[in-house]
Visitor: 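Before I ask anything, let me first share the structure, which is written out below as structure tokens.
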Amino acid sequence: MVTLLRNASIFSSLGDEELELIHEQSEYIDIGAEEILFSPEEAGNALYIVAEGQIAITRSVGEDEGREIARFVQGDSFGELDLLLNSSHNATARAVEPSRLLLFPRRGLTFEEITARHPKTFAHVLFKLIGVIASRLRSTNKLITENSSWVRQLREQVYRDKLTGFYNKAYLHEELPRIVEAAEGSVSLLFVK
């Protein structure tokens with residue numbers, strides 16, 4: 001278990017004593033293929049590290065319901081943000097195949113209790129946790145930026161009439177208030193049918 005912890009980015013900078021402490025506060029859980037690990041609205045009070053198998057995260061609401069948005073394999077961790085914010089899950093996690101996960105903190109413990117008992121160690125963990133989350137946000141922003149031409153094309157399709165090329169009603173509803181607020185003088189609007 002200590003080797004798995006050491007290889008997880010969130011715990012990689014910790015020393016042996018600190019890793020042993022994390023080990024004592026963790027447990028392995030086994031789940032079968034297609035078994036649900038967590039569902040939306042359940043408390044997000046744990047960090048998971050995949051020791052064996054694969055976990056798929058799927059959207060649980062809206063028109064994308066059931067669509068896979070992430071897949072975690074051996075060595076990957078997930079649940080950091082929900083653990084840090086003590087928020088509810090907003091997706092469903094299920095095992096793609098029989099899987100073994102390291103659960104931190106183990107059942108019956110809370111992150112707040114452990115942090116209160118071992119503040120020095122968990123100050124390091126919190127620092128690393130924030131770094132991991134920030135890194136994931138940067139990666140997401142980079143992905144969006146790299147696809148910005150795709151986003152521009154999509155906006156054109158959503159906001160312009162295909163036949164005339166003029167802005168449509170969706171554009172008017174979403175963008176007009178912003179344009180009016182940004183205007184330094186009077187604003188005129190011309191409708192042509």
Side-chain angles (χ1 to χ4, degrees), residues 1-60 67-146:
M1 187 183 300
V2 172
T3 302
L4 182 62
L5 289 170
R6 181 174 283 113
N7 292 333
S9 60
I10 187 169
F11 300 124
S12 62
S13 63
L14 299 179
D16 290 341
E17 285 182 27
E18 294 168 317
L19 287 171
E20 191 57 41
L21 178 63
I22 301 292
H23 169 252
E24 292 168 7
Q25 313 302 318
S26 303
E27 70 176 305
Y28 279 113
I29 57 172
D30 295 305
I31 60 173
E34 300 303 318
E35 191 176 332
I36 301 294
L37 178 62
F38 59 73
S39 299
E41 307 306 320
E42 290 181 17
N45 54 7
L47 166 74
Y48 303 91
I49 302 173
V50 180
E52 299 171 13
Q54 294 183 40
I55 303 295
I57 308 294
T58 56
R59 284 257 182 244
S60 301
R67 189 175 125 241
E68 186 174 310
I69 56 174
R71 185 171 288 218
F72 297 99
V73 297
Q74 185 175 355
D76 289 342
S77 63
F78 59 97
E80 296 93 346
L81 187 58
D82 292 334
L83 176 66
L84 183 64
L85 299 177
N86 197 24
S87 61
S88 299
H89 295 294
N90 60 4
T92 300
R94 70 171 173 74
V96 175
E97 57 191 42
S99 300
R100 177 166 248 216
L101 304 163
L102 182 72
L103 175 68
F104 171 79
R106 71 176 186 263
R107 291 174 277 208
L109 289 177
T110 67
F111 188 60
E112 292 80 14
E113 291 171 343
I114 297 169
T115 303
R117 279 189 251 153
H118 308 283
K120 185 177 179 183
T121 297
F122 284 92
H124 294 119
V125 171
L126 283 170
F127 181 75
K128 193 67 171 181
L129 187 60
I130 291 168
V132 166
I133 292 167
S135 174
R136 287 186 181 170
L137 289 172
R138 282 191 300 276
S139 295
T140 301
N141 285 337
K142 181 179 178 189
L143 181 62
I144 290 169
T145 302
E146 288 172 355

Visitor: Going by salt bridge (charged side-chain N to carboxylate O under 4.0 Å, His left out), name the residues that satisfy it together with Asp30, two or more places apart in sequence or in a different chain.
Guide: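 Arg100.
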Visitor: Which residues pass the ring-ring contact (aromatic ring centres under 6.0 Å, His included) test with Phe72, sequence neighbours left out?
Guide: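 Phe78.
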Visitor: Does His23 offer a backbone N or O that forms a donor-acceptor pair with the side chain of Arg106 under 3.5 Å?
Guide: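 Side chain of Arg106 to backbone of His23: no pair is present.
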Visitor: What pair of heavy atoms forms the shortest contact from Gly32 to Glu35, and how long is it?
Guide: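 Between these two residues, the closest heavy atoms are N-OE1, 2.8 Å.
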Visitor: Starting at CD1 of Ile22, measure out to CG of Leu5 and round the result to the nearest 0.5 Å.
Guide: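 Going from the CD1 atom of Ile22 to the CG atom of Leu5 covers 7.0 Å.
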Visitor: Check the pair Leu4 / Tyr28 against side-chain contact (heavy atoms from CB on, under 4.5 Å), numbers first and verdict last.
Guide: CA-CA 11 Å; Leu4 182 62; Tyr28 279 113; 3.9 Å; yes
Visitor: Glu27: what forms a salt bridge (charged side-chain N to carboxylate O under 4.0 Å, His left out) with it, not counting sequence neighbours?
Guide: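 Arg107.
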Visitor: Nearest 0.5 Å, please: how far is CD1 in Ile57 from CD1 in Ile69?
Guide: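 One gets 7.0 Å once the value is rounded to the nearest 0.5 Å.
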Visitor: Which atom pairs, one a donor and one an acceptor, fall under 3.5 Å between side chains of residues 108-123 and the rest of the protein, sequence neighbours left out?
Guide:
{"unit_1": "Thr110", "atom_1": "OG1", "unit_2": "Glu113", "atom_2": "N", "d": "3.1"}
{"unit_1": "Glu113", "atom_1": "OE1", "unit_2": "Thr110", "atom_2": "N", "d": "3.1"}
{"unit_1": "Thr115", "atom_1": "OG1", "unit_2": "Phe111", "atom_2": "O", "d": "2.7"}

Visitor: Anything under 3.5 Å between a donor and an acceptor, one on a side chain of residues 40-55, the other on a protein residue two or more places apart or in another chain? List them.
Guide:
{"unit_1": "Glu42", "atom_1": "OE2", "unit_2": "Ser39", "atom_2": "N", "d": "3.4"}
{"unit_1": "Gln54", "atom_1": "OE1", "unit_2": "Arg71", "atom_2": "NH1", "d": "2.9"}

Visitor: Residues two or more places apart in sequence or in another chain: which of them pass salt bridge (charged side-chain N to carboxylate O under 4.0 Å, His left out) with Glu80?
Guide: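 Once residues adjacent in sequence are excluded, the partners of Glu80 under the salt bridge (charged side-chain N to carboxylate O under 4.0 Å, His left out) criterion are Arg136.
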